[in-house]
Amino acid sequence: MPFGEQPAYLRVASDLREKIVNGALPPHTRLPSQARIRQEYGVSDTVALEARKVLMAEGLVEGRSGSGTYVRERPVPRRIARSGYRREGGVDPFRQEQTAEGARGTWESRSEQEEAGPEIAGRLGIEPGDRVMRTRYLYREAGEPMMLSTSWEPLAVTGRSPVMLPEEGPLGGCGVVDRMAAIGVVVDNVAEEVGARPGLAEELLALGGVPGHVVMVIGRTYYASGRAVETADVVVPADRYRIAYHLPVR
């Protein structure tokens, strides 16, 4: 195949995608059948099937059992603000950002102790097998799932202290910076790394996505004098949200 020339199935998918994007095939419209795609584009059944698979993987269409394949409603992406820590009465960053955006956010969480695996141990600068407190969050916006987060804190830092459980005790829900300050640990910087990958089955089930959808993953770590005191993975559906950064110039 000459350089720059697309395979037939991608050319068909590209044309159908354009029709979806420009409204020629509006939401809830049935996608042309495999036979019609074959006839209209002069391609084989295999090419027609592969083109439909591409659109499904991109989340543009969805299959309905016994009915066919239909154009999906395209959500208007909303912003999730990332503007750094702001000291506002002990409120954690998610609560701050939800307030700033005028959103109606709620969340549920569950904490439990576990042994750190190699990856988390490396991020926290501890030994594999050291005890950590893992907390899983499901955040909702106006009742709809919007974001997952899993955080890990080394119990060598927080163990047997009033802030050992992030969402319980006198500082429950106050965020990492204020909770650590309460036990004499001064958080002085945070690092974030943003990537994208296909969502795991359990993530998409919790977030209301479909198999093959892409999620953005924010890997975040808080540091105090060079020592990691918390690390977390924040998972956001890429088709529904955009990560917006507002960073000060120093």
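Since the model is a prediction, treat every value here as computed from it, not as a measurement.
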ask   = Looking at T135, V176, L171, which one forms a side-chain contact (heavy atoms from CB on, under 4.5 Å) with P166?
value =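 Of T135, V176, L171, side-chain contact (heavy atoms from CB on, under 4.5 Å) with P166 is met by T135 alone.
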Can you tell me how far [atom2] of [Y] sits from [atom1] of [X], rounded to the nearest 0.5 angstrom?
X    : Y    : atom1 : atom2 : answer
L49  : K53  : CG    : NZ    : 4.5 Å
I80  : Y245 : CD1   : OH    : 10.0 Å
E58  : H213 : CD    : NE2   : 10.0 Å
M216 : R197 : CE    : CZ    : 12.0 Å
T106 : M146 : OG1   : CE    : 10.0 Å
D45  : R38  : CG    : CZ    : 4.5 Å

Which heavy atom of [X] sits nearest a heavy atom of [Y], and at what distance?
X    : Y    : result
V229 : V187 : CG2-CG2, 4.0 Å
A228 : T221 : CB-CG2, 3.8 Å
Y139 : S149 : CE1-CB, 3.9 Å
G219 : D233 : CA-OD1, 3.7 Å
I183 : P162 : CG2-CD, 4.4 Å
A196 : V214 : CB-CG1, 4.0 Å

message = For a side chain to side chain contact (heavy atoms under 4.5 Å, CB included) check, start with the C-alpha distance between V235 and L207, then their side-chain angles and the critical distance, and finish with the verdict.
response = CA-CA 9 Å; V235 178; L207 293 169; 4.3 Å; yes
Examine [X] and [Y] and state if one hydrophobic cluster contains both, with Ile, Leu, Val, Met, Phe, Trp and Tyr joined whenever side-chain heavy atoms are less than 4.5 Å apart.
X    : Y    : result
L138 : M133 : no
I218 : Y137 : yes
V132 : Y223 : no
M147 : L205 : no
V185 : V177 : yes

Minimum side-chain heavy-atom gap [X]-[Y] below 4.5 Å:
X    : Y    : answer
D15  : R11  : no
R134 : I120 : no
D188 : S225 : yes
W107 : E167 : yes

Contacts of type salt bridge (charged side-chain N to carboxylate O under 4.0 Å, His left out), residue [X], not counting sequence neighbours:
X    : value
E192 : R82
E119 : R123
D239 : none

task = Tell me, yes or no, whether the heavy-atom count around E193 atom CD, taken from other residues, nucleotides or ligands under 6.0 Å, exceeds 12.
result =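 No - once you tally the heavy atoms of other residues, nucleotides and ligands closer than 6.0 Å, there are 12 at most.
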request  = Would you indicate whether E127, at its atom CD, is surrounded by more than 12 heavy atoms from other residues, nucleotides or ligands within a distance under 6.0 Å?
outcome  =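 No, the 6.0 Å shell around CD holds no more than 12 heavy atoms from other groups.
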inquiry  = Keeping R242 on the side-chain end and A238 on the backbone end, is there a donor-acceptor pair under 3.5 Å?
reply    =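 Yes: the side chain of R242 pairs with the backbone of A238.
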inquiry  = Quick one: does any side-chain atom of D178 pair with a main-chain N or O of G175 as donor and acceptor, under 3.5 Å?
reply    =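 Such a contact is absent between D178 side chain and G175 backbone.
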Partner set under ring pair (Phe, Tyr, Trp, His ring centres under 6.0 Å) for Y241, not counting sequence neighbours =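 Checked Y241 against ring pair (Phe, Tyr, Trp, His ring centres under 6.0 Å); zero matches.
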query = Using links of under 4.5 Å between side-chain heavy atoms of ILVMFWY residues, direct or through other members, which residues join V12 in one cluster?
reply =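 The other cluster members (ILVMFWY side chains, heavy atoms under 4.5 Å, direct or chained) are Y9, L10, L16, I20, L25, L31, I37, Y41, V43, V47, V54, L55, M56, L60, V61, V71.
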task = Would you mind listing every side-chain hydrogen bond (donor to acceptor under 3.5 Å, both in side chains) that reaches into residues 21-30, with sequence neighbours excluded?
result =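 Residue pairs passing side-chain hydrogen bond (donor to acceptor under 3.5 Å, both in side chains), neighbours aside: H28-E73.
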ask   = Given E153, which of R179, R131, R227 fulfils the salt bridge (Lys or Arg N to Asp or Glu O under 4.0 Å) condition?
value =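 Checked R179, R131, R227 against E153; only one passes salt bridge (Lys or Arg N to Asp or Glu O under 4.0 Å): R179.
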query = Charged N to carboxylate O below 4.0 Å: is that the case for R78 and E141?
reply =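 Salt bridge flag = yes for E141 with R78.
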ask   = Any ion pair linking E40 and K19 (charged N to carboxylate O, less than 4.0 Å)?
value =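 So K19 pairs with E40 through a salt bridge.
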request  = Decide side chain to side chain contact (heavy atoms under 4.5 Å, CB included) for R220 and E230; before the verdict, give the C-alpha distance in whole Å, the side-chain angles of both, and the deciding distance to 0.1 Å.
outcome  = CA-CA 8 Å; R220 179 198 70 205; E230 189 255 23; 2.6 Å; yes
